[in-house]
Amino acid sequence: MVFIKVLKEPTIPNTFTPNGDGIHDFWDIKYLNQYLQNRVQVFTRSGKLVFESKGYTKPWDGNVNGKMLPFDTYYYVIEPGNGRKPFTGYVTIV
């Protein structure tokens, strides 16, 4: 018997609003938790790393070192692992 697990492609939102209203307060990347070896990095426009996670067990809340980042657009690199190519793009904090 052969067991095959089909992994869904992560759904990556391009915006979130971490304002504490309970709606879209976190950058919740659906299905990424299926990729156990994933790595997520988020950078400012100037290339400064503001978020990094290995495993992405807790969605990003828009904070760096306990301080809220300003409303802006940030560049991300998501390496899902499992032989998949990295996902890159932009996420905006509104």
Visitor: Can you tell me how far the CD1 atom of Ile93 sits from the CG atom of Asp72, to the nearest 0.5 Å?
Guide: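 Atom-to-atom, Ile93:CD1 and Asp72:CG are 8.0 Å apart.
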Visitor: Identify whether Val40 and Phe87 are in the same connected component of the hydrophobic contact network (ILVMFWY, side-chain heavy atoms under 4.5 Å).
Guide: yes
Visitor: Measure the spacing between OG1 of Thr73 and OH of Tyr90 and express it to the nearest 0.5 Å.
Guide: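 Rounded to the nearest 0.5 Å, the OG1-OH separation comes to 9.0 Å.
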Visitor: Under 4.5 Å between side-chain heavy atoms, hopping through other hydrophobics if needed: is there a path connecting Val50 to Ile12?
Guide: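 Yes: a chain of side-chain contacts under 4.5 Å links Val50 to Ile12.
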Visitor: For Leu69 and Tyr74, run side-chain contact (heavy atoms from CB on, under 4.5 Å): C-alpha distance rounded to whole Å, both residues' side-chain angles, the deciding distance at 0.1 Å, then the answer.
Guide: CA-CA 10 Å; Leu69 287 168; Tyr74 299 87; 3.4 Å; yes
Visitor: I need the minimum non-hydrogen distance between Asp28 and Pro59, along with the two atoms involved.
Guide: OD1-CG, 4.0 Å
Visitor: Heavy-atom distance under 4.5 Å between the side chains of Tyr35 and Leu7, does that happen here?
Guide: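 Yes, at least one pair of side-chain atoms sits under 4.5 Å.
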Visitor: Of all heavy-atom pairs between Ile29 and Pro10, which one has the smallest distance, and what is that distance?
Guide: CG2-CB, 4.0 Å
Visitor: What I want to find out is whether Lys85 reaches Glu79 closely enough, with some N-O distance under 4.0 Å, to be called a salt bridge.
Guide: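 Salt bridge absent between Lys85 and Glu79.
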Visitor: According to a hydrophobic-cluster definition based on side-chain heavy atoms being under 4.5 Å apart (Ile, Leu, Val, Met, Phe, Trp, Tyr only), do Val64 and Met68 belong together?
Guide: yes
Visitor: Measure centre to centre between the rings of Phe51 and Trp27, then say whether the value is under 6.0 Å.
Guide: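 No - the distance between ring centres of Phe51 and Trp27 does not fall below the 6.0 Å cut-off.
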Visitor: Is the backbone of Val91 close enough, under 3.5 Å, to the side chain of Asn14 for a donor and an acceptor to pair up by distance?
Guide: no
Visitor: Is the shortest heavy-atom distance from the side chain of Val77 to the side chain of Phe43 under 4.5 Å?
Guide: yes
Visitor: Counting only N and O atoms by type, is there a donor-acceptor contact under 3.5 Å from the side chain of Gln34 to the main-chain atoms of Lys8?
Guide: yes
Visitor: Do Phe71 and Trp60 belong to the same hydrophobic cluster, where Ile, Leu, Val, Met, Phe, Trp and Tyr are linked whenever their side-chain heavy atoms lie under 4.5 Å apart, directly or via other members?
Guide: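 Yes, one cluster joins them.
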Visitor: Could you check whether any side-chain N or O of Asn38 sits under 3.5 Å from a backbone N or O of Gly55, counting only pairs where one atom can act as donor and the other as acceptor?
Guide: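 Such a contact is found between Asn38 side chain and Gly55 backbone.
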Visitor: Identify the heavy atoms of Gln41 and Leu49 that sit nearest to each other, and give their distance.
Guide: CB-CD1, 3.9 Å
Visitor: Is it the case that Thr15 and Thr92 place a side-chain donor and acceptor less than 3.5 Å from each other?
Guide: no
Visitor: Looking at Pro86 and Pro80, what are the two nearest heavy atoms and their distance?
Guide: CA-CD, 4.1 Å
Visitor: Begin with the C-alpha distance, continue with both residues' side-chain angles, and end with the deciding distance and a verdict on side-chain contact (heavy atoms from CB on, under 4.5 Å) for Tyr31 and Thr11.
Guide: CA-CA 7 Å; Tyr31 311 119; Thr11 303; 3.7 Å; yes
Visitor: Between Gly22 and Asp25, what is the shortest heavy-atom contact and its length?
Guide: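 It is N-OD2, 2.7 Å.
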Visitor: Taking the side chain as every heavy atom from C-beta outward, state whether Arg39 and Glu52 have any pair of such atoms under 4.5 Å apart.
Guide: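 Side-chain contact under 4.5 Å: yes.
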